[in-house]
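This report concerns only the one structure given below.
Protein chains get the first letters and strands the later ones, always in sequence-line order, with residue 1 at the start of each.
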Amino acid sequence: MKPLPRSFYEQPVVTLARACIGKLLVHRTAEGIAGGRIVEAEAYRGPEDLAAHSRRGLRTARTEVMYGPPGHAYVYLLYGTSWAFNFVCGPVDEPHAVLVRAIEPLLGIELMAQRRGMEATDRALTNGPGKLCAALAVDKGAYGADLCGRGSALFLAACDAPTGPIGRSARIHIDYAGDWVDKPWRFFEKRNRFLSTGPRE
DNA sequence: GAATAGATTGTCT
DNA sequence: GACAATCTATTCT
C-alpha cells in the first residue's frame, strides 16, 4: 500500500472532494495501523468561499498550511473538543482544502474501537469529523504533515472495493456563510451506514 | 429516531 | 470576550 501521488491533490477542490470518496485514509502509528474508506467529504474554496477558514484571504498560523503546496494535512480544533482532518489542494497561494467528514472502518478496527472506547461494530466509531480523528489518533501533531512522502505515516491510498453511487448536498453547519450556504459541495456514498448527519440520499 | 442542551479551548475581533 | 466545518448524554416519541 502506497500513498496517492501529489498529482491527485492538484485537481480543482470540488472535483477532488468527489474523487476522494471511496479512497482509503490510513494512519500508521507505534500502536499499529488504522484506516478506512472515505465515505463523506466537503470542499472549501477560499478565499472567496465564506464558509472556509481561509475566507477573504485570511492568513494566520492556523490557516498557513492551506497557502502552501497540495497534499498536506490541515488539522484544527473544533468547538474546543474535537479535531478535524482536511487535506490541502490547489496551487501555492490558493487556500483550498477538503474536509473528511466520515470513513468506513477497514484497517485496525480493534485499535480504533479501543481508542474510541466502544465496540468494534459500533457505527459511531468514525461517523463524524471529530470521531474519525479520535479513531485514527489524528490531532494537532499531524498539522502540516506531508501526505505524499515515501515514508508518510498519514496518507490516502487507492482501495480495491468498489464505490457505490455518490450523492451531493449542501455543506453541514456553515449557516454563517451567506450566499455560500447552499453550494452543493458535500459528497457522500449513498446510504452508507457510516455517514454523519445530513442527507443520506 | 429526533430534538435538546452542555461541554470546552484555540483563534480571531 | 465571542464564537466555532462537533460530540455526547438525555429526554422525549
For [N], does OP1 or OP2 lie under 4.0 Å from any side-chain N or O of [X]?
| X | N | value |
| --- | --- | --- |
| R101(A) | dT6(C) | yes |
| K140(A) | dT9(B) | no |
| R59(A) | dC12(B) | no |

How many whole angstroms separate atom [atom1] of [X] from atom [atom2] of [N]?
| X | N | atom1 | atom2 | result |
| --- | --- | --- | --- | --- |
| L50(A) | dA4(C) | CG | C1' | 16 Å |
| D139(A) | dG10(B) | CG | C1' | 14 Å |
| R62(A) | dT11(B) | CZ | C1' | 6 Å |
| K131(A) | dA5(C) | NZ | P | 17 Å |
| D122(A) | dT8(C) | CG | C1' | 12 Å |
| W83(A) | dT8(B) | CH2 | P | 16 Å |
| I174(A) | dT6(C) | CD1 | P | 10 Å |
| L78(A) | dC3(C) | CG | P | 16 Å |

Checklist line | cation_pi(R37(A), F194(A)) dist<6.0 Å, angle<=45 | finding: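 The answer is no; the distance or angle limit is not met.
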
> Y76(A) on top of dG10(B)'s base, within under 5.5 Å and under 30°?
Replying inline: no

With a 4.0 Å cut-off on heavy atoms, is R55(A) in touch with a base, just the backbone sugar-phosphate, or nothing at all? nothing

Item to complete: Select base, sugar-phosphate, or nothing to describe what A84(A) touches, counting heavy atoms under 4.0 Å on all strands.
Response: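 Touches nothing.
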
- Message: Applying a strict under-4.5 Å side-chain criterion to I, L, V, M, F, W and Y, I'd like to know whether V26(A) and I21(A) cluster together.
- Response: no

>> Between I38(A) and L156(A), is there a side-chain heavy-atom distance shorter than 4.5 Å?
In response: yes

Looking only at dT8(C), dA5(C), dT13(B), the nucleotide nearest the H173(A) side chain is dA5(C)

Counting N and O atoms only, with roles assigned by atom type, does the side chain of [X] sit under 3.5 Å from a partner on the main chain of [Y], one being a donor and the other an acceptor?
| X | Y | result |
| --- | --- | --- |
| E42(A) | L99(A) | no |
| R115(A) | A135(A) | yes |
| H96(A) | G90(A) | no |

Per nearest nucleotide of DNA chain B, the residue lying toward the 5' end, Y79(A) or A61(A), is Y79(A)

Assert: residue with more 5' nearest nucleotide on DNA chain C, out of P129(A) and L77(A), is L77(A)

As its Watson-Crick or G-U partner within any shown strand, both distances under 3.5 Å, dA5(C) has none

key: Complementary nucleotide for dT8(B) - Watson-Crick or wobble, under 3.5 Å   =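 Here dT8(B) is not engaged in any pair, so there is no nucleotide opposite it.
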
Is any N or O donor-acceptor pair between the side chain of Y176(A) and the base of dA4(C) shorter than 3.5 Å?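 A donor-acceptor contact between them is absent.
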
- Query: Can you find an N or O donor on one side and an acceptor on the other, under 3.5 Å apart, linking the side chain of H53(A) with the base of dA5(C)?
  - Reply: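 Indeed, a donor on one side and an acceptor on the other fall under 3.5 Å apart.
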
